[in-house]
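Order of appearance sets the numbers: ligands from 1, and atoms from 1 within every ligand. The figures that follow rest on heavy atoms only: side chains count, while hydrogens, waters and symmetry mates do not.
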Amino acid sequence: MSKITNFMKITKLEITILIDLVAITAFILVPGSFSHPLILFLLILSGTLASMSASMFNNIYDMDIDTKMKRTRSRSSTLNPGTRGLIFSIAAAMIVVSFVLSSVFINLLTALFIFGGFLSYVFLYTILLKRRTTWNIVIGGIAGGFPALAGWAALTNSVSFTSLFLAFLVFMWTPTHFWNLSINNVDDYKASQVPMLPAIVGIKKTEFWIVINTVILIFYSLIPLFVPSIKLGLPYIPIAIIMDIILLYYVLKPAFKSYDKKYFRKAFGFSNMYLMILLLVIIIYPFI
Ligand code: HEM
Ligand SMILES: CC(C)=CCC/C(C)=C/CC/C(C)=C/COP(=O)(O)OP(=O)(O)O
C-alpha cells in the first residue's frame, strides 16, 4: 500500500467520515443552517483533524498490543519506534489546529465539544478504560456523542434536546457496533489481555448483551415519536422503524446460526449502515 494509504490507515479515516456525518446531521438540523456553508466547512475540518489526531494518539499508545493483533498489526509498517516521534508531532499539531480553528472561527463551546470527543477517546477510553474493564467501550462510547453536540453548537452556541438525542443515539449504538466486531477478534483480545466483553464472558453471553443493547437502542431511536421538540424530519420515524427491524434481524441471526462468527461480522457491517442511513435521511430531507 502507498505511504498515503498507510498513513490514512492509522488516522482511521473511515471512522472519521461517519463521525463527521454525525456532526453534519446536527448542524443541518439547526434552522437556517444552509446560509452558513463556511461554518459547516470549518466544523468538518476541525472535527476531522481532531478525530484523526485522536486515532493517531490511540494507535501510538496501543503500539504494543496492535503489533500482536491480526487486525491491527499492519499499522506497524507506518507507525513504529522509528516514526513514532513524527506521528506524535503531526497528531499534536492536528489537535492544536483543530482547537484554534474551531474556537476562533466558530465558537468556544463547539471547540470544547470537539476537544471533549478527542479527550474521551484518547484519555477516557484508550488510556483509562480499554485495558481495565469490559465497560471500556460502553463508557468510552461517549466519544462518539460529542460530534453531535459540536454540530448543533456550531450555529447556536448551545445544547438542545435534538443534539442531546443525536449524541445519545450514537452512544447507544456503539456497543452493538463494536461488540459484533470484537467477537471476530476475540482471540486477539485474549492474547493481548484487553478485556473486551467476549474475551471475558464468551461469545454467547456477549450475543445476549448485544441483543439487550440493540432492543434498548431500538426503543431509544423512536423517542422523537413522543417528543415533538426533537424534529428530525418526516421520513425519520418510518425509516428508523424499518432500519430497527433489519438491525434486530442481523443481531439475532448469530444465535440461530450456532454463533457462526461470519454473522457477527455481517451484523457489524449492517450496524454502520444503520447509523449512516438514519443520519443521511435526516440530512437529505430538507433538500427534497
Ligand atoms: C468506543 C467506541 C468505539 C469503538 C471501541 C469502536 C471500535 C471500532 C473498531 C475496532 C473498528 C475496526 C477498525 C479497523 O479494523 O481498522 C471500528 C470500525 C469502524 N467504526 Fe467504530 N468504534 C467506536 C465508535 C465508533 C463511532 C462513534 C463511530 C462513528 C459514529 C464509529 C464508526 C466506525 C466505522 C465507520 C468503522 C469502519 C467500518 C468498516 O471498516 O467497515 N465507531 N470501530
Ligand atoms: C469529536 C471527536 C474527535 C470524536 C472522536 C470520536 C471517535 C474517533 C471515536 C472512535 C472511537 C474508536 C474508533 C475507538 C476504537 O479504538 P480501538 O483502540 O478500540 O480500535 P483499534 O483496536 O482498531 O485501534
Specify whether Phe113 and Phe146 have parallel, tilted or perpendicular ring planes, treating 30° as the upper limit for parallel and 60° as the lower limit for perpendicular.
tilted
Measure from atom 22 (O) of ligand 2 to every heavy atom in Glu14, Met52, Arg71, Lys9 and give the option owning the shortest one.
Arg71
Note: Val170, heavy atoms under 4.0 Å from ligand 1, region reported as side chain
Where is the nearest protein heavy atom to atom 33 (C) of ligand 1: which residue, which atom, and how far?
His177 CE1, 3.5 Å
A student checking ligand 1 against Phe268 at a 4.0 Å heavy-atom cut-off should list atoms 18 (C), 38 (C)
I'd like to check which ligand 1 atoms, numbered from 1 as shown, lie under 4.0 Å from a non-hydrogen atom of Glu14.
16 (O), 35 (C), 37 (C)
Hey, does Arg75 come in under 3.5 Å of ligand 2, counting only N/O atoms on both sides?
yes
So is Tyr125 in contact with ligand 2, going by heavy-atom distances below 4.0 Å?
yes
Show which atoms of ligand 1 fall inside a sub-4.0 Å distance from at least one heavy-atom site of Tyr125.
5 (C)
Distance from atom 16 (O) of ligand 1 to nearest protein heavy atom, with residue and atom
Arg75 NH2, 3.6 Å
Could you tell me, atom by atom, which parts of ligand 2 come under 4.0 Å of a heavy atom of Ile114?
1 (C), 3 (C)
So for Leu181 against ligand 1, with non-hydrogen atoms under 4.0 Å, the contacting part is side chain
Is there side-chain contact between Tyr259 and Ile183, with heavy atoms separated by less than 4.5 Å?
no
Using heavy-atom distances only, which candidate in Lys12, Lys9, Arg71 approaches atom 15 (O) of ligand 1 most closely?
Arg71
So which of Tyr121, Tyr61, Phe118 gets nearest to atom 14 (C) of ligand 2, if we judge by its closest heavy atom?
Tyr121
Would Trp209 and Tyr263 show up in the same hydrophobic cluster when neighbours are defined by side-chain heavy atoms closer than 4.5 Å?
no
Hey, which atoms in ligand 2 end up nearer than 4.0 Å to a heavy atom of Asn59?
24 (O)
Heavy atom under 4.0 Å from ligand 1: found in Leu275's side chain, backbone, both, or neither?
side chain
For the residue pair Phe168 and Phe171, categorise the inter-ring angle as parallel (less than 30°), tilted (30 to 60°) or perpendicular (more than 60°).
perpendicular
For Asp62, the atoms of ligand 2 under 4.0 Å from one of its heavy atoms are 18 (O)
A side-chain contact here means heavy atoms from C-beta on lying under 4.5 Å apart; do Phe208 and Val201 qualify?
no
Taking only heavy atoms of Thr174 into account, list the atoms of ligand 1 that are under 4.0 Å away from them.
2 (C), 3 (C)
Would you mind listing which atoms of ligand 2 come within a distance below 4.0 Å of any non-hydrogen atom of Ala50?
3 (C)
Out of Phe178, Trp173, Trp179, who is nearest to atom 31 (C) of ligand 1 when you count heavy atoms only?
Trp173
Look at the rings of Phe268 and His177 and say which category their plane angle falls in: under 30° parallel, 30 to 60° tilted, over 60° perpendicular.
tilted
Where is the nearest protein heavy atom to atom 27 (C) of ligand 1: which residue, which atom, and how far?
Gly144 CA, 3.5 Å
Which residue and atom name correspond to the protein heavy atom nearest atom 13 (C) of ligand 2, and how close is it?
Ile15 CD1, 3.4 Å
Would you mind checking which non-hydrogen protein atom is closest to atom 20 (O) of ligand 2, with the distance to 0.1 Å?
Lys12 NZ, 3.4 Å
Identify which of Gly116, Ser53, Gly117, Ser182 has a heavy atom lying nearest to atom 5 (C) of ligand 2.
Gly117
Touching ligand 2 at all, Thr126? Heavy atoms, strictly under 4.0 Å?
no
Could you grab the distance from atom CG of Asn180 to atom CD1 of Ile210, nearest 0.5 Å is fine?
4.0 Å
Can you report which non-hydrogen protein atom sits closest to atom 38 (C) of ligand 1, along with the distance?
Asn272 ND2, 3.4 Å
When rounded to the nearest 0.5 angstrom, what distance separates CD1 in Ile282 from CG in Leu21?
9.5 Å
Pair Asn58-Lys130, side-chain donor/acceptor within less than 3.5 Å:
no
Supply the atom-to-atom distance Leu166 CG to Leu279 CG, rounded to the nearest 0.5 angstrom.
7.0 Å
Return the orientation label for the Phe118 and Phe123 ring planes: parallel under 30°, perpendicular over 60°, tilted otherwise.
perpendicular
So which heavy atom in the protein is nearest atom 34 (C) of ligand 1, and how far is it from that ligand atom?
Ile15 CG1, 3.7 Å
With a 6.0 Å cut-off on the ring centroids, do Phe287 and Phe34 count as close?
yes
With a cutoff of 4.0 Å, is Arg265 in contact with ligand 1, counting heavy atoms of the residue only?
no
Under a 4.0 Å N-O cut-off, is there an ion pair linking Arg131 with Asp62?
yes
Yes or no: does Ser51 have any heavy atom under 4.0 Å from an atom of ligand 2?
yes
For atom 7 (C) of ligand 2, the protein heavy atom that lies nearest, with its residue and separation
Ile19 CD1, 3.7 Å
Under a plain distance cut-off of 3.5 Å, with no hydrogens placed, do Thr176 and Thr214 share a side-chain donor-acceptor pair?
yes
Do other residues, nucleotides or ligands put more than 12 heavy atoms under 6.0 Å from the NZ atom of Lys266?
no
Side chain, backbone, both or neither: which part of Met273 comes within less than 4.0 Å of ligand 1 when only heavy atoms are counted?
neither
Leu169 and Ser221, any side-chain heavy atoms less than 4.5 Å apart
yes
Under a 3.5 Å cutoff, is there a donor and acceptor pairing between the side chains of Asp244 and Tyr274?
yes
Can you tell me how far CG of Leu217 sits from CH2 of Trp173, rounded to the nearest 0.5 angstrom?
10.0 Å
Would Lys130 count as being in polar contact with ligand 2, using the rule that some N or O on each side must be under 3.5 angstrom apart?
yes
